[in-house]
Amino acid sequence: MAGRKLVVVSDLHVDRWQKESKFEQFEDFLLYVRREAHTLVVNGDVLDLPPIEGEEVSASSKRALLALLQAPLQGVRLVYVVGNHDIAFRGWPIDLRPFVRIVYPFEVVDLGGRRIRIEHGHYYDPLFNGGYDILAGIRKFLNYDVGKVAVDTWKAATRFLQRLAPETGRSAVGRADEPAIFGRWKDAAIRLKEAGFDLVLFGHIHSPKGPDDEPSFYVNTGDWVDHTTVTEVDESGRPTQFEWRERGYRS
Ligand SMILES: [Mn+2]
């Protein structure tokens with residue numbers, strides 16, 4: 001019996017999961033989805049495709065993917081929004097409505113009279129906007145994830161510069177430890193609001209931002225590497241966000 005919520009997660013990166021507990025948390029979360037959700041949207045970056053190491057997706061990644069693919073078998077619609085790490089799916093839109101869809105570059109959902117845009121968000125990243133194909137080419141050639149290294153290096157450098165000049169480095173998104181660059185996604189959400197969307201959900205930056213922080217119409221769906229971010233939208237179109245590992249689930 002499907003539930004009443006739209007549940008959104010992003011940036012699972014199941015190929016980076018090291019601990020058994022992460023797999024267990026995810027399987028536990030999927031039980032929750034099965035009970036509470038009518039639709040599960042995975043907002044990009046489920047894992048790297050093609051895999052960074054080896055020729056095949058690892059056995060542990062397959063375990064997580066198979067768990068995820070139970071959702072549509074159990075009555076929960078699964079929508080996959082393609083991210084940058086799995087951009088190989090970009091040219092492969094799948095529409096097996098109502099069970100499974102793969103969409104790019106974004107999904108639009110109307111709930112409670114509100115128009116909701118769900119997008120991975122790499123388009124607003126100057127590292128990926130236009131340059132991604134070059135990075136992907138280099139990656140293919142070197143078998144080395146230039147994009148991830150570049151983003152991580154850039155984030156670290158920005159944080160370092162902010163520590164040097166904290167009075168100027170304060171993020172537009174609102175948290176002192178966030179790189180100023182995150183303001184780009186907030187600005188993009190403002191433009192999309194002006195273009196007629198009532199709620200904008202981005203992922204990509206692995207930095208959760210719930211509706212309680214202004215602006216409330218912009219939510220970042222976080223990640224499942226450093227966090228276990230869950231975003232939900234109820235029937236009235238109202239979003240909430242929480243950390244799965246803090247809430248847990250007992251059936
Ligand atoms: Mn990601």
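The analysis underlying the following values was restricted to heavy atoms, covering all of them including side chains, and did not include hydrogens, waters or symmetry mates. Order of listing sets the numbers, starting from 1, for every ligand and every atom in it.
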Legend entry - Within 6.0 Å of CD in E24, more than 12 heavy atoms from elsewhere: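 Enclosed: over 12 neighbouring heavy atoms sit under 6.0 Å from CD of E24.
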
Legend entry - Residue and atom names of protein N/O/S atoms that fall under 2.8 Å from the Mn ion (ligand 1):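 Within the sphere that stays under 2.8 Å of the Mn ion (ligand 1), the protein atoms of type N, O or S are D11 OD1, H13 NE2, D45 OD2, H206 NE2.
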
List for me each residue that meets salt bridge (charged side-chain N to carboxylate O under 4.0 Å, His left out) alongside [X], sequence neighbours excluded, and say none if there are none.
X	answer
R114	none
K5	E36, E232
E194	none

Inset, instruction - Hey, could you give me the NZ/CG distance between K186 and D213, rounded to the nearest 0.5 Å? - result: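 Answer rounded to 0.5 Å: 11.0 Å.
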
Inset, instruction - Hey, can you tell me if W224 and W17 have their rings parallel, tilted or perpendicular (30° and 60° cut-offs)? - result: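 Tilted: the ring planes of W224 and W17 meet at 30° to 60°.
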
